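Written out below as structure tokens is the structure these notes cover.
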Protein chains: 2
Amino acid sequence: MNLQTLKIFCDLVELKNFSRTAELHGISQSAVSQQLAQLEMSHKIQLINRRKRPIELTAAGQVFYQASKDILDRYNQVSSELATLKQSSTRIHLAAIFSIGMHTLQPYIQKFMSIYPDVNLSVEYYDAKDIYEKLLRGIIDIGVVAVPKRDRNIESYPFENEPLVLVCSPSHPLAHESQVDIHHLQGEKFIAFDEGVPTRKHIDEILNRYQVTVRTAMEFDNTETIKRAVEINSGISILPAPTLRAELANGTLKAVEFSNESFFRPTGIIVRKDKTRSKAGQYLIELLRKE
Amino acid sequence: MNLQTLKIFCDLVELKNFSRTAELHGISQSAVSQQLAQLEMSHKIQLINRRKRPIELTAAGQVFYQASKDILDRYNQVSSELATLKQSSTRIHLAAIFSIGMHTLQPYIQKFMSIYPDVNLSVEYYDAKDIYEKLLRGIIDIGVVAVPKRDRNIESYPFENEPLVLVCSPSHPLAHESQVDIHHLQGEKFIAFDEGVPTRKHIDEILNRYQVTVRTAMEFDNTETIKRAVEINSGISILPAPTLRAELANGTLKAVEFSNESFFRPTGIIVRKDKTRSKAGQYLIELLRKE
DNA sequence: ATATAATATAAGTTTCGCTAATGCCATGAA
DNA sequence: TTCATGGCATTAGCGAAACTTATATTATAT
């Protein structure tokens, strides 16, 4: 039983003419005849009296016509309900931590929007803790965080590895070096991330590996405040290079690479494992992830 | 959109398992997967979350599940309504005039019942006027009458031609002839059909053709009463031979053929032109009609 | 990490519905 | 009544769609 057949039956009842009904549906008169025959065959009862011209409904036909109408109405209703749901499901919520700025995501977003121009993409910024929580609660669809942590319900894919550099005020002695050995940080006043920030742990591990101890002068939960503190020479810090663009350009800060090796802060895309993704969402994830 | 697909979707939702759903419908697991994919494709929205095991409905899926249920319910409802209508439509009402006895129809009815054993066939007897009226009102489906009259709304087909014979009491002078010239009826006391009975007109025409005048002693609307009148020698009559079987067998009446020619009373099957006929009804008509 | 159970995908086959051509039937005009 | 005409049914052949089998992929538990 096909809904299309019911539609054809209804139109046939209303038009009282096989050929015109066929034309309306873009099929042959024969097809309409066969569909009706099949309908009658499957119920083993005549629906239309062909011994009269124009054709007329039998009692069974009238009953079936009403039912067909009801069924088609219900189907059209659910179709439009789904269409509405689809609209809302094509809103993708992406959230990134503060230190992964718009300038990092911009090229990806531009590329994405050019392919899915109708998708409503929202980009917001929270701290890492909020991103994990909102992701699990289903409020956001994709998160971009630093040093992604493993979680049973979260799938993570690597994103960009951001070079970590030494940051200091232009008046600081190390400001004029082109490279610096990490051991020179020994005993320096240091502006660090709060304990809760994943990047803090990551940097601590690097310092530990080289057995360097710094004097933690201040702790902040975001790069902006750290940069302000370094600007007024309250200490030095280690930050991801992409976060320093503006300050390096206008000379309020100096960045120095490490001579020992290139340090990186890994960033990653995180999504809920169990959540279904729209085609667009899937594409955005594939665009962002790097294998 | 196929109703079968909706049924499969509902079962899938309830069983939460593709393979078992497939088994339930007697198809392969792959087919279920493909049908669901097609369903989602046509609405461009995901209905089932396969990233979870067991599978679970998406919001859209829940909406669609309810609609599918509604649609299938409505369809089942109309199906059973049609089944009820079918039951009543497979009752065929056949009506014959009194003088066409069970013994004439019996072989046809037996043959018919052997082919359509489930059909509820009712055979009733009325006078010709009632048969025409009930046929037009749709109370009966097939009529068997003598000398069928033409009518715009009635289709008639020839049935058996019944030989017309002279009937008289065994004590009547003509009773011992093997054949009789119709002219010998001149001036005889005659037991006739009522004016309204078609056979009356038919017999009158035959007598007129041979310019024979009889003395109409009595008029009755049925053969039985005529036979009783002839038995007590109230007069002679002309009747269809098949109506005399019993009386000829037990010797209460004598029948004599005419020497001039074989006279016949044509009988016919009548049906309403505009009425749809079931397969069984059509078959019964074809069984009865003689071309 | 790996095994297992479950779903998706791919290729080949069958089934089903469509078209085109033609036959049959109902209706109205001559 | 008969014939012409418009309209529905029927048939054969073909092409698209759905099914099956086999295999790949994915999710979950151990």
Side-chain angles (χ1 to χ4, degrees), chain A residues 1-9 11-13 15-42 46-58 61 150-155 271-277 279 282, chain B residues 1-9 11-13 15-42 46-57 61 150 152-157 271-277 279 282 285-286:
Chain A
M1 258 310 332
N2 201 303
L3 288 189
Q4 186 63 19
T5 306
L6 298 188
K7 181 85 184 82
I8 287 173
F9 174 71
D11 289 337
L12 176 57
V13 169
L15 293 176
K16 298 185 189 306
N17 182 304
F18 281 58
S19 309
R20 265 186 279 286
T21 304
E23 199 176 349
L24 185 66
H25 285 261
I27 58 178
S28 68
Q29 171 267 316
S30 171
V32 174
S33 175
Q34 287 176 60
Q35 291 216 28
L36 179 62
Q38 179 203 294
L39 217 48
E40 293 179 325
M41 186 96 71
S42 73
Q46 198 135 19
L47 298 175
I48 282 183
N49 182 357
R50 287 98 148 163
R51 301 182 71 78
K52 270 286 186 184
R53 297 269 167 78
I55 55 173
E56 71 183 19
L57 279 178
T58 63
R150 307 206 136 277
D151 185 303
R152 204 179 138 51
N153 299 308
I154 288 177
E155 186 77 60
V271 291
R272 239 172 72 177
K273 269 186 179 166
D274 62 356
K275 209 169 180 201
T276 59
R277 290 189 275 280
K279 195 134 190 171
Q282 189 59 40
Chain B
M1 256 312 331
N2 201 303
L3 287 189
Q4 186 63 18
T5 306
L6 298 188
K7 181 83 182 84
I8 288 173
F9 174 71
D11 289 336
L12 177 57
V13 169
L15 293 175
K16 299 184 187 305
N17 181 304
F18 281 58
S19 308
R20 265 185 281 287
T21 303
E23 199 176 350
L24 185 66
H25 286 260
I27 57 178
S28 67
Q29 169 267 318
S30 173
V32 174
S33 175
Q34 288 174 56
Q35 292 217 28
L36 179 61
Q38 178 203 293
L39 215 50
E40 293 178 326
M41 189 95 71
S42 73
Q46 198 133 19
L47 298 175
I48 282 183
N49 181 357
R50 287 98 148 162
R51 302 183 72 78
K52 268 286 184 185
R53 297 271 165 78
I55 55 173
E56 70 183 18
L57 280 178
R150 310 208 135 276
R152 204 180 137 52
N153 299 309
I154 289 178
E155 186 77 60
S156 78
Y157 309 106
V271 291
R272 242 174 69 178
K273 271 188 177 164
D274 62 354
K275 207 170 179 200
T276 60
R277 289 189 275 282
K279 195 134 192 170
Q282 189 60 39
I285 291 165
E286 272 155 24

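Lettering of chains follows the sequences in order, A, B, ..., and the numbering in each one begins at 1. In what follows, every heavy atom counts, from backbone to side chain, and hydrogens, waters and symmetry copies are set aside. Everything numeric here is computed off the predicted structure, so don't read it as measured data.
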Just to be sure I understand the rule, does [X] reach a base, reach only the sugar-phosphate, or reach nothing, if contact means heavy atoms closer than 4.0 Å?
X: B/Arg152; answer: nothing
X: B/Gln38; answer: sugar-phosphate
X: B/Gln35; answer: sugar-phosphate

Check: Okay, side chain of B/Glu40, backbone of B/Leu47: is any donor-acceptor separation there less than 3.5 Å?
Finding: yes

Please give, in whole Å, the distance from [N] [atom2] to [X] [atom1]?
X: A/Asn17; N: C/dA26; atom1: CG; atom2: C1'; value: 14 Å
X: B/Ile48; N: D/dT26; atom1: CD1; atom2: C1'; value: 16 Å
X: A/Ile27; N: C/dA20; atom1: CD1; atom2: P; value: 12 Å
X: B/Gln4; N: D/dC19; atom1: CD; atom2: P; value: 9 Å
X: A/Glu155; N: D/dT28; atom1: CD; atom2: C1'; value: 13 Å
X: B/Asn2; N: D/dA17; atom1: CG; atom2: P; value: 14 Å
X: B/Leu15; N: C/dA6; atom1: CG; atom2: P; value: 13 Å
X: A/Asp274; N: D/dT26; atom1: CG; atom2: C1'; value: 14 Å

Looking at every heavy atom in both [X] and [Y], which two are closest together, and how far apart are they?
X: A/Leu36; Y: A/Ile48; result: CD2-CD1, 4.0 Å
X: A/Lys273; Y: A/Glu155; result: CE-OE1, 3.6 Å
X: A/Leu3; Y: B/Leu3; result: CD2-CD2, 3.9 Å

Measure all distances between protein nitrogen or oxygen atoms and nitrogen or oxygen atoms of nucleotides 3-6 of chain D, and list the pairs falling under 3.5 Å.
from  : atom 1 : to      : atom 2 : distance (Å)
D/dG6 : N2     : A/Arg53 : NH1    : 3.1

Margin query: Taking the nucleotide of DNA chain C with the nearest heavy atom to each, does A/Ala31 or B/Lys273 sit closer to the 5' end?
Written below: A/Ala31

Next item on the list: Assign each of A/Gly26 and B/Lys16 to its nearest nucleotide of DNA chain C by heavy atoms, then name whichever residue's nucleotide is nearer the 5' end.
Entry: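 Closest to the 5' end, via its nearest nucleotide, is B/Lys16.
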
Next item on the list: Kindly determine whether A/Asn153 and A/Asp274 satisfy side-chain contact (heavy atoms from CB on, under 4.5 Å), including the steps that lead there.
Entry: CA-CA 7 Å; A/Asn153 299 308; A/Asp274 62 356; 5.9 Å; no

Side-chain N or O of [X] closer than 4.0 Å to phosphate OP1/OP2 of [N]:
X: A/Ser28; N: C/dC18; answer: no
X: B/Arg50; N: D/dT28; answer: no
X: A/Ser30; N: C/dC18; answer: no

Checklist line | Residue met sooner reading DNA chain D from 5', once A/Leu36 and B/Arg150 are mapped to nucleotides | finding: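 That would be B/Arg150.
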
Notebook entry, point to check: Which one of B/Arg20, B/His25, B/Lys16 satisfies the side-chain hydrogen bond (donor to acceptor under 3.5 Å, both in side chains) criterion with B/Asp11?
Noted result: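 Result for side-chain hydrogen bond (donor to acceptor under 3.5 Å, both in side chains) with B/Asp11: B/His25.
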
Margin query: Please check if the number of heavy atoms outside B/Gln282 that lie under 6.0 Å from its CD is greater than 12.
Written below: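 Yes, CD of B/Gln282 has more than 12 neighbouring heavy atoms, counting only those of other groups under 6.0 Å.
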
Item checked: B/Asn2 vs B/Gln38, side-chain contact (heavy atoms from CB on, under 4.5 Å): CA-CA, chis, key distance, verdict -> CA-CA 11 Å; B/Asn2 201 303; B/Gln38 178 203 293; over 6 Å; no

Margin query: Distance check, rounded to the nearest 0.5 Å: A/Gln29 atom CD versus A/Ser19 atom OG?
Written below: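 Answer rounded to 0.5 Å: 5.0 Å.
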
Next item on the list: From the options C/dA8, D/dA9, D/dT20, select the nucleotide whose nearest atom is closest to the side chain of A/Ser33.
Entry: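 Within the option list, the nearest is D/dA9.
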
Checklist line | Global bending angle along the helix from C/dA1-D/dT30 to C/dA30-D/dT1, which compares the axes of five pairs at either end, to 10 degrees | finding: 40°

Note to self: We want to know whether A/Gln34 and A/Ser30 form a side-chain donor-acceptor pair, criterion being a heavy-atom distance below 3.5 angstrom.
What the structure shows: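 Looking only at side-chain atoms, A/Ser30 and A/Gln34 do form a donor-acceptor pair, the distance falling under 3.5 Å.
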
Notebook entry, point to check: Is a donor-acceptor contact shorter than 3.5 angstrom present between the side chain of A/Gln29 and the base of C/dT19?
Noted result: no

